[in-house]
Amino acid sequence: MHRKELIRKYIEFFKSKGHKEIPNVSLIPENDPTVLFTTAGMHPLVNFLLGQEHPLGRRLCNVQKCIRTTDIEEVGDTYHHTFFEMLGNWSLGDYFKKEAIEMSFEFLTSKKWLGLNKNKIAISCFVGDKKESQIPKDTESSKVWQSMGVPKERIIFLGKKENWWGPAGKTGPCGPDTEMFYWVSKEKVPKEFDPDDEMWVEIWNDVFMQYNKTSEAKYKPLKQKNVDTGMGVERTLASLNNLDDNYKTEVFLPIIKKIEDLSGKKYNENLNITKTMRIIADHIKAAAFIIADGVLPSNTEQGYVLRRLIRKVVVHGEKLRMKNFTIKIAEPVFKIYDNYSHLQKNKDKIMKELEKEEKKFKLTLEKGMNKFKKLVSKNKKIPGRDAFLLYQSYGFPIEMTKELAKENGVSVDENEFIEEKRKHQKLSRTATKGRFKSGLADHSEQTKKLHTSAHLLLAALREILKDKKIMQKGSNITPERLRLDFSFTRKLTGEEIEKVEKWVNKKIDEAIPVIKKEMSPQEAKKQGALGIFDEKYGNKVFVYEIGNFSKEICAGPHVKNTNELGKFKIIKQDSVGEGARRIKAILE
Ligand code: ATP
Ligand code: MG
């Protein structure tokens with residue numbers, strides 16, 4: 001089965017069960033301060049999972065491109081990627097465990113749909129937590145699986161680390177999940193399910209949000225119980241084609257082939273080469289998609305992640321003796337994903353940026369090699385501190401340092417390296433780490449206020465700069481500030497900035513109500529609402545109106561009246577590439 005067919009079937013199946021398809025949105029989250037990237041399909045749905053009404057109803061589904069930087073160290077195995085596509089279906093207070101599991105099982109096994117071998121499926125459920133939360137074992141889910149014909153030996157109960165979803169240590173919705181695994185080995189399927197056996201690969205996860213964790217760490221049943229599922233396209237595609245390695249599927253193979261051609265090495269030559277090729281193939285794809293969504297290599301936020309990805313590609317390419325190669329191995333990405341028009345449209349830009357970053361990094365890499373040579377001449381064993389410096393400042397992965405050291409007859413103090421790295425990570429770890437534990441706790445009042453201010457700011461820019469072609473190109477809001485990117489070609493003058501601020505503050509003083517309306521995208525367009533109309537909206541959208549000067553398609557949330565906002569102040573303006581400007585502003 002091909003990728004496109006898998007995606008088409010998934011959407012078709014869930015549509016036949018009353019779900020509406022929602023768009024595959026940008027990798028860069030809008031209005032979510034807590035994460036750099038969209039890490040799962042549920043991401044743009046956080047507000048709706050918290051109870052806000054969705055314009056398309058209570059049953060939703062889609063395919064969503066994702067980036068998980070938290071998995072970057074796993075890349076090199078057969079089934080973890082930094083970029084992957086996730087299929088998802090959601091119940092917003094509609095169906096719950098029984099129906100969700102029944103649908104999952106039908107889609108996986110029915111001949112009409114995926115027709116996967118029932119005998120190769122295994123399940124994990126939540127074992128319960130008597131100590132802290134008093135939450136019982138999820139026998140309800142396991143019973144449904146058994147009623148579908150999954151034998152007891154193939155159902156295992158695991159703890160919070162594996163089968164619990166929720167904002168750890170914080171408040172908010174949470175609940176148990178049940179995960180589906182598939183046996184990907186050519187060997188005979190073992191009778192019992194052992195989740196530590198890597199040949200059992202997790203392909204799908206059904207999360208049941210049924211509790212609300214209160215500030216006293218009590219778990220109260222939620223009024224609106226949700227289902228949030230996620231199924232990996234790459235892993236499922238491998239399962240469907242009896243492959244034990246995602247890199248052998250059509251979404252990676254053409255890139256691997258290209259690397260083989262350019263390096264003259266074979267993918268299966270030895271595990272080192274295999275891993276190196278996997279990392280290159282994974283990271284080049286992720287880099288292309290991140291650039292396609294408007295990010296450029298830099299030293300902060302998304303740009304820094306992008307930079308690291310490209311640099312790792314170059315370093316690993318070096319190991320295979322490839323030079324000036326990034327754009328060559330990026331080429332197949334555009335063929336594999338020919339359905340992503342934004343990727344196609346940005347091809348020239350993507351290639352240009354890859355080439356530029358590769359050239360630039362080559363210089364750093366050379367400096368790193370000089371540093372390395374000095375270390376080798378001075379030591380029998382390279383200290384961990386220095387290995388970490390090579391890693392941190394020159395982008396040398398430890399495997400590469402070890403290999404180079406070996407070639408030079410010296411060793412590396414790897415334990416000390418690990419210790420250094422751990423110390424460093426402790427310092428840089430943010431609250432956003434962990435699997436999509438994001439967003440939920442942070443949709444605060446202040447974020448809402450800044451979000452409404454962003455609408456006012458856009459209206460002000462169009463008004464003061466007398467240019468109705470000014471559009472929003474992206475926004476990001478933290479509880480501290482708002483950031484708005486918009487199309488405009490020059491720097492604003494001091495006077496213009498002042499005028500914009502004044503205009504916004506006037507609208508705040510006028511105490512204007514913020515009105516939410518529901519309509520079709522066609523109607524919204526007719527009424528002149530701002531939005532990106534080449535994006536697939538559903539057949540219903542929300543439009544937020546402020547006075548007669550601001551009308552935007554937007555999922556919300558917003559304050560009820562502009563008088564709630566406080567004093568608006570612009571703190572910074574920047575250029576963000578061709579034809580776009582960025583403004584950061586606060587509310588005092
Ligand atoms: P794992 O434990 O294998 O890392 P996970 O528990 O992190 O998986 P979820 O967060 O439940 O996975 O995501 C839902 C689905 O998305 C998974 O069942 C899997 O099919 C897919 N998925 C998750 N992370 C990745 C990844 N890094 N690369 C490819 N697919 C992934
Ligand atoms: Mg994971």
Side-chain angles (χ1 to χ4, degrees), residues 3 6-7 10 24 27 35 37-43 45 61-90 100-101 104 107-108 114 116 121-126 141 156 158-168 174-184 193 195-209 227-240 243-249 251-252 278-279 281-283 285-286 289 305 309 432-440:
R3 162 183 169 266
L6 165 60
I7 295 173
Y10 187 92
N24 185 347
L27 286 170
V35 278
F37 293 101
T38 301
T39 58
M42 61 78 75
H43 222 129
L45 290 173
C61 66
N62 80 347
V63 59
Q64 175 63 50
K65 55 191 154 113
C66 301
I67 291 276
R68 285 204 182 170
T69 50
T70 46
D71 284 345
I72 201 161
E73 303 288 331
E74 315 288 334
V75 176
D77 70 7
T78 55
Y79 61 99
H80 280 99
H81 312 301
T82 48
F83 172 90
F84 64 100
E85 292 183 294
M86 191 188 282
L87 296 158
N89 60 281
W90 294 273
I101 292 174
S104 291
F107 181 68
L108 289 175
L114 298 190
L116 284 169
I121 290 174
I123 302 296
S124 66
C125 297
F126 183 52
S141 292
I156 199 167
L158 298 171
K160 274 210 157 158
K161 202 163 113 317
E162 292 85 12
N163 287 69
W164 181 259
W165 184 88
C174 51
D177 67 40
T178 180
E179 304 188 337
M180 290 146 262
F181 294 73
Y182 201 71
W183 181 253
V184 294
F193 169 37
D196 291 331
D197 185 335
E198 294 237 310
M199 289 297 118
W200 286 108
V201 173
E202 180 197 326
I203 55 173
W204 201 355
N205 184 359
D206 290 356
V207 177
F208 304 118
M209 290 186 184
V227 177
D228 158 30
T229 94
M231 175 192 234
V233 167
E234 299 72 13
R235 295 183 190 183
T236 310
L237 198 58
S239 299
L240 284 164
L243 297 167
D244 58 5
D245 175 355
N246 291 359
Y247 292 88
K248 293 179 183 161
T249 68
V251 297
F252 280 109
R278 285 175 183 162
I279 292 169
D282 174 88
H283 289 8
K285 189 196 279 192
F289 270 97
V305 173
L309 287 167
T432 64
K433 220 167 145 56
R435 64 173 195 181
F436 47 83
K437 284 181 181 100
S438 61
L440 290 175

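Just follow the structure's listing: the first ligand is 1, and inside any ligand the first atom is 1.
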Between F84 and ligand 1, does any nitrogen or oxygen pair lie at a separation below 3.5 Å?
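No, there is no polar N/O contact under 3.5 Å.
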
Ligand 1 and I203, any nitrogen or oxygen pair closer than 3.5 angstrom?
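Between I203 and ligand 1, an N or O pair is found under 3.5 Å apart.
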
Could you list which atoms of ligand 1 come closer than 4.0 Å to a heavy atom of W204?
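What qualifies from ligand 1 is 18 (O).
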
Residue G230 vicinity, atoms of ligand 1 by number, heavy atom under 4.0 Å:
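So the atoms of ligand 1 that pass are 14 (C), 15 (C), 18 (O).
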
Geometric class of the W164/F126 ring pair [parallel <30°, tilted 30-60°, perpendicular >60°]
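The arrangement is tilted - the two ring planes meet at 30° to 60°.
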
Parallel, tilted or perpendicular, judged at 30° and 60°: which one describes the rings of H81 and F252?
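The arrangement is tilted - the two ring planes meet at 30° to 60°.
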
Where's the contact between R235 and ligand 1, heavy-atom distance under 4.0 Å: side chain, backbone, both or neither?
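Within the 4.0 Å criterion, R235 contacts ligand 1 through side-chain atoms alone.
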
Just heavy atoms, cut-off under 4.0 Å: does M86 contact ligand 1 by side chain, backbone, both, or neither?
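Side chain only.
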
Nearest non-hydrogen contact with [atom] belongs to which option: [options]?
{"atom": "atom 5 (P) of ligand 1", "options": "E179, E162, E202", "value": "E202"}
{"atom": "atom 27 (N) of ligand 1", "options": "D282, D206, I72, D71", "value": "D71"}
{"atom": "atom 11 (O) of ligand 1", "options": "T229, T236, N205", "value": "N205"}

My understanding is that only residues two or more places apart in sequence, or in another chain, count here; which of them pass side-chain hydrogen bond (donor to acceptor under 3.5 Å, both in side chains) with S124?
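Expected list: N163.
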
I want to check something: taking the side chain as every heavy atom from C-beta on, are M180 and L116 in contact at a cut-off of under 4.5 Å?
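The answer is no, as the side chains (C-beta and beyond) never meet within the 4.5 Å cut-off.
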
Under the salt bridge (Lys or Arg N to Asp or Glu O under 4.0 Å) rule, collect the residues that match up with K65, sequence neighbours excluded.
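K65 satisfies salt bridge (Lys or Arg N to Asp or Glu O under 4.0 Å) with D293 once adjacent residues are dropped.
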
If we count only N and O atoms by modelled type, under 3.5 Å, do the side chains of T178 and D206 hold a donor and an acceptor together?
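Checked: T178/D206 side chains show no N/O donor-acceptor pair below 3.5 Å.
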
Pair N89, Y10 - check side chain to side chain contact (heavy atoms under 4.5 Å, CB included), show working.
CA-CA 9 Å; N89 60 281; Y10 187 92; 2.8 Å; yes

